[in-house]
Amino acid sequence: MRYEFKKIEPKWQAKWEESKIFEAKDNSDKPKFYGLVEFPYPSGAGMHVGHIKAYSSLEVISRKRRMEGYNVLFPIGFDAFGLPTENYAVKTGTHPRIITDENIKKFSNQLKRVGFSFDWSRVIDTTDEDYYKWTQWIFLKMFENGLVFRDRTLVNYCPHCKVVLSNEDSQGGKCDICHSDVVQKSKDVWYLRITQYADKLLEGLNDVDYPENVKQQQINWIGKSKGAFVNFTIDGIDEKLRIYTTRPDTLFGVTFMVIAPEHPIIDKYADRISNMDAITAYRTECAKKTEFERTQLVKDKTGVQIQGLEAVNPVNGKKIPIYIADYVMMGYGTGAIMAVPAHDQRDYDFAKKFGIDIIEVIKGGDIAKEAYTGDGEMVNSGFLNGYTNKHDSIERMLEELEKQGIGEAGVQYKMKDWAFNRQRYWGEPIPLVHCPNCGVVAVPYEELPLRLPDVKDFEPGEDGQSPLAKIDSFVNCTCPKCGAAAKRETDTMPQWAGSSWYFLRYIDPHNENAIADMDKMKYWMPVDWYNGGMEHVTRHMIYSRFWHHFLYDLGIVNTPEPYAKRSIQGLILGPDGDKMSKSKGNVVDPLDIVEEYGADTLRTYVLFMGDYGAATPWNDSSVKGCKKFLDRVAGLTDIVSDAPVSSELEMKIHRTIKKVSSDIEGLKFNTAIASLMTLINDITAEGHLTKEDLIIFIKLLSPFAPHLCEEIWESLGGEGFVTVSPWPEFDESKTVAKTTEIGVQVNGKVRGTIVIPTGCEKEEAFAIAKADERIASFLEGKNLVKEIYVPNKIVNFVAK
RNA sequence: GCAGGAGUGGCGGAAUUGGCAGACGCGCAGGCUUCAGGUGCCUGUGGUCGCAAGAUCGUGUGGGUUCAAGUCCCAUCUCCUGCACCA
């Protein structure tokens, strides 16, 4: 047979669709497997080879599971709200709905052409009102349960996109969407109280199978730290300055305090501060800086002492100066710190610059040179003197603080509450109403979905207002509670909302009464295996785990954790080894590859190219190598004969079944394909194979190259589809050879190889080795000191 | 700075977890097929020395443990990814 991909690919894609073999069954006695891939944002550019790699791992595993007899749910959908579509709408005047529909159509066709075995009967689109109705519904549940609040604070704001960004979306001080510098702006913001779930999100990690680095990244992101809150009094005023510290045991070493430039105490006591001009100037200076600039100037400390306010160290009564400095952030802890210059490098640098005392309280370093952050004996510390263990001294200090009522143990998280609104059109409307009498009121559940109004102008307002604010018919409404004239919230939800629960909707995509039917969730949840990119580990995964924990607490879902197992695919780099990007012109279009070499070749290549988790450059020549491999597979049909193959080849077939089966489970697709290549080399050397042997071969290959394998299956008279035929089994006894070739070392150097009966005793192995002429020549005239034999591995003689 | 990961031929990458380093693919060289190019097939392919048999070196670098180290330990360099004045 010849590998005529242009003919066979459309043929089998049509047959698969017609036979519905990829549709998951809701009522099944079979064990279930729920494989999930991160659904795409349907951009106008269409699919990228990165999408192919991202979906191929669970594509192969899902196909293998079907052959193993599982009822498989392998769905796909579109995360279609978002800025690129809206920006394109602003530019072209086309409605985002039309653009989205076009892009989804384009993506679907492309995915189908690659032959992915998605269940197309369960496609979801986050911008579909039947879908976002439930996104709004979950939001209202959170509102009802006190997890939604509004606050006027400094937010990360992108002046280019004109939206408020969460911390997650402004990493490194750059807007995640347009990469402009993010500025700080005072705004009213809706927050989701994700911090209330910080501990559950941490503890939940113990129960899931995520790669270690993924867990670690989430742990760092949540950033839990244990320490203490301590209240410092301000001299002469009845006012406490509250700080957070992880080292309360160094309290005797505090020689000054620092507060963030935005700290409210400054305005409160402005009349007592004698250098308000200098302070105001410094604050203005800081406000101008972006957070990025502020955190970049790590080396040089700046600040201004507050003249007129002095704090009192609560453990020794000493009066200490208070400074404002931008190295203290309002957003973490209490926005104020106690400074211990002897044992904190930042405080040390500041003290050196401003000539403040440095008092050593932990022995072991040289505080004339730098801060000492290690352990050691406590000194100059009153009742703590003589303590040598950090844990003990902290405990002792906490005890004292609580006894005297000046502080208590506490925890802090780096993770902040989730800024949950955008001033944009193309997102889920936030279902809240502002009533002059009742305040903020929820839209009643029965009025959901709260639909996006049809508008012509998608341009956001210059004052940072949503385009929805310009639509009077949308804004003006009556209060659901008191009936008074009221105004709708005009902000929309951020991009991450719709993807925070989408895996639940696949289970029951058309349910009109609930996000999904409980019995169906009990069958399908949790997601057995979720594959995606590293970039979603801290945002999407944390957000969706938060929503899921919340829904679990309400009894709406049946598992606390949504994803039992997570894997990560590595990037595909351009042929030049750089990240693919339009500007570099090194982008590979997957459809070009499908056109020229076929979908099976593309699928095989993206998994063969290297370690699945590693970033690997694209190589056009290697693609051809995979095409050549499939050509040779097609050619196997020409050498089928009735004559049984040698026992040697039979063993290799059994070994290959074993290896491909286990490699797929470990995401080692490259070696699984390599072993099939090795086997075809062995078959070619043998010159023939039986029909049964060929069936085994195409079954093993079918998850990777399903179109070709179906064609061969059909030509061999197979019933139905190879895709749903049983996965081959191997006979362990047949994977073992009668004889094994092993290396023989003399003094640790390989001097030859011998053939031994597999699993033989050491005496026999030594005898065979010594009988070997070459080995004997190396042993001649020497004393055998030691003989080592590792069964079926190696013989080593130590001779002097 | 902190956390995680990686350094193996000309290239992508293997190595049953301490047991013959370089599987498989690409590339390259030679040969066959071909008027020719391409395709296809066969052979070879880590470095150095050697006609060869073979010897010798070899997994970022330096040390160590071991009969035996890509793999374990100590030190060190480089690169990637994330976080970062987090108190």
Side-chain angles (χ1 to χ4, degrees), chain A residues 171-172 211-221 223-225 227 243-247 250 258 260 294-301 325-329 331-340 344-347 349-350 412-415 534-535 537-538 568 570-571 573 577 604-605 608-611 613-626 628-629 631-632 635 655 658-659 662 668 670-681 684 741-754 774 785-799:
Chain A
Q171 293 182 26
E212 204 40 53
N213 58 336
V214 170
K215 280 192 186 182
Q216 204 54 51
Q217 207 165 305
Q218 296 200 357
I219 290 168
N220 290 344
W221 187 260
K224 182 173 184 170
S225 91
I243 61 95
Y244 176 74
T245 177
T246 52
R247 294 300 303 269
T250 60
V258 186
R294 223 169 122 169
T295 55
Q296 275 314 90
L297 302 167
V298 183
K299 289 164 208 136
D300 200 23
K301 294 278 179 292
D326 64 0
Y327 82 90
V328 173
M329 307 287 156
Y332 183 80
T334 61
I337 63 159
M338 61 177 219
V340 187
D344 181 290
Q345 193 57 44
R346 293 155 301 169
D347 298 344
D349 295 342
F350 193 88
Q412 276 293 304
Y413 302 93
K414 286 184 201 174
M415 185 171 70
M534 206 58 199
E535 70 275 18
V537 162
T538 45
I568 304 284
L571 287 177
L573 306 173
T604 305
Y605 175 65
F608 179 66
M609 65 193 295
D611 182 337
T616 311
W618 185 269
N619 183 318
D620 281 315
S621 300
S622 289
V623 178
K624 286 181 203 162
C626 289
K628 206 163 101 181
F629 165 61
D631 284 334
R632 294 179 68 197
R655 284 184 174 178
K658 184 177 180 177
K659 182 156 178 64
S662 66
K668 294 166 81 167
N670 53 340
T671 52
I673 294 166
S675 69
L676 288 166
M677 288 173 170
T678 309
L679 183 58
I680 207 169
N681 289 342
T684 307
E741 193 185 57
I742 65 169
V744 180
Q745 300 180 329
V746 177
N747 293 332
K749 287 191 174 178
V750 180
R751 295 302 183 181
T753 58
I754 55 168
R774 259 177 61 72
V785 182
K786 201 170 178 183
E787 300 174 308
I788 292 133
Y789 171 58
V790 181
N792 301 328
K793 294 261 164 80
I794 204 143
V795 166
N796 190 6
F797 294 118
V798 185

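In what follows, chains carry the letters A, B, and so on, assigned in the order in which the sequence lines appear, proteins first and then strands, with residues in each chain numbered from 1.
- The two residues A:Gly743 and A:Ile794 make their nearest non-hydrogen contact at O-CG1, 3.4 Å.
- With distances taken from any side-chain atom of A:Gln216 to the nucleotides B:G19, B:A87, B:A3, the minimum falls on B:A3.
- Between the base of B:C85 and the side chain of A:Lys301 there is a donor-acceptor pair shorter than 3.5 Å.
- In this structure, A:Asn796 reaches the bases: a heavy-atom distance under 4.0 Å links it to at least one base atom across the strands shown.
- Rounded to the nearest Å, the gap between the C1' atom of B:G47 and that of B:U59 is 14 Å.
- A:Asn213 and A:Gln217 are not linked by any side-chain donor-acceptor pair at a separation below 3.5 angstrom, with hydrogens and angles left out of the test.
- Taking atom P in both B:C79 and B:C74, one finds a spacing of 23 Å when rounded to whole Å.
- A side-chain donor from one of A:Ser225 and A:Tyr244 sits under 3.5 Å from a side-chain acceptor of the other.
- Side chain of A:Ser621, nearest nucleotide from B:G27, B:C67, B:G82: B:G27.
- Judged by Watson-Crick or G-U wobble contacts below 3.5 Å, the nucleotide B:C2 has B:G82 as its partner.
- Below 30°, between 30° and 60°, or above 60°: for A:Phe350 and A:Tyr327 the angle between ring planes is between 30° and 60°, a tilted geometry.
- At whole-Å resolution of the value, CE in A:Met338 and P in B:C86 are 15 Å apart.
- Counting any heavy atom pair closer than 4.0 Å across all strands shown, A:Ala336 reaches no nucleic acid atom.
- Residue A:Gln745 is in base contact, counting any heavy-atom pair closer than 4.0 Å across all strands shown.
- Residue A:Gly625 is in sugar-phosphate contact alone, with no base atom involved, counting any heavy-atom pair closer than 4.0 Å across all strands shown.
- In this structure, the CZ atom of A:Phe629 is 11 Å from the P atom of B:C26, given to the nearest Å.
- The interatomic distance linking A:Ile568 (CD1) with B:G5 (P) rounds to 14 Å, in whole Å.
- The side chain of A:Asn670 approaches B:A14 more closely than any other nucleotide in the set B:C86, B:A14, B:C67.
- The partner of B:C28, taking Watson-Crick or G-U wobble pairs whose two distances both stay under 3.5 Å, is B:G44.
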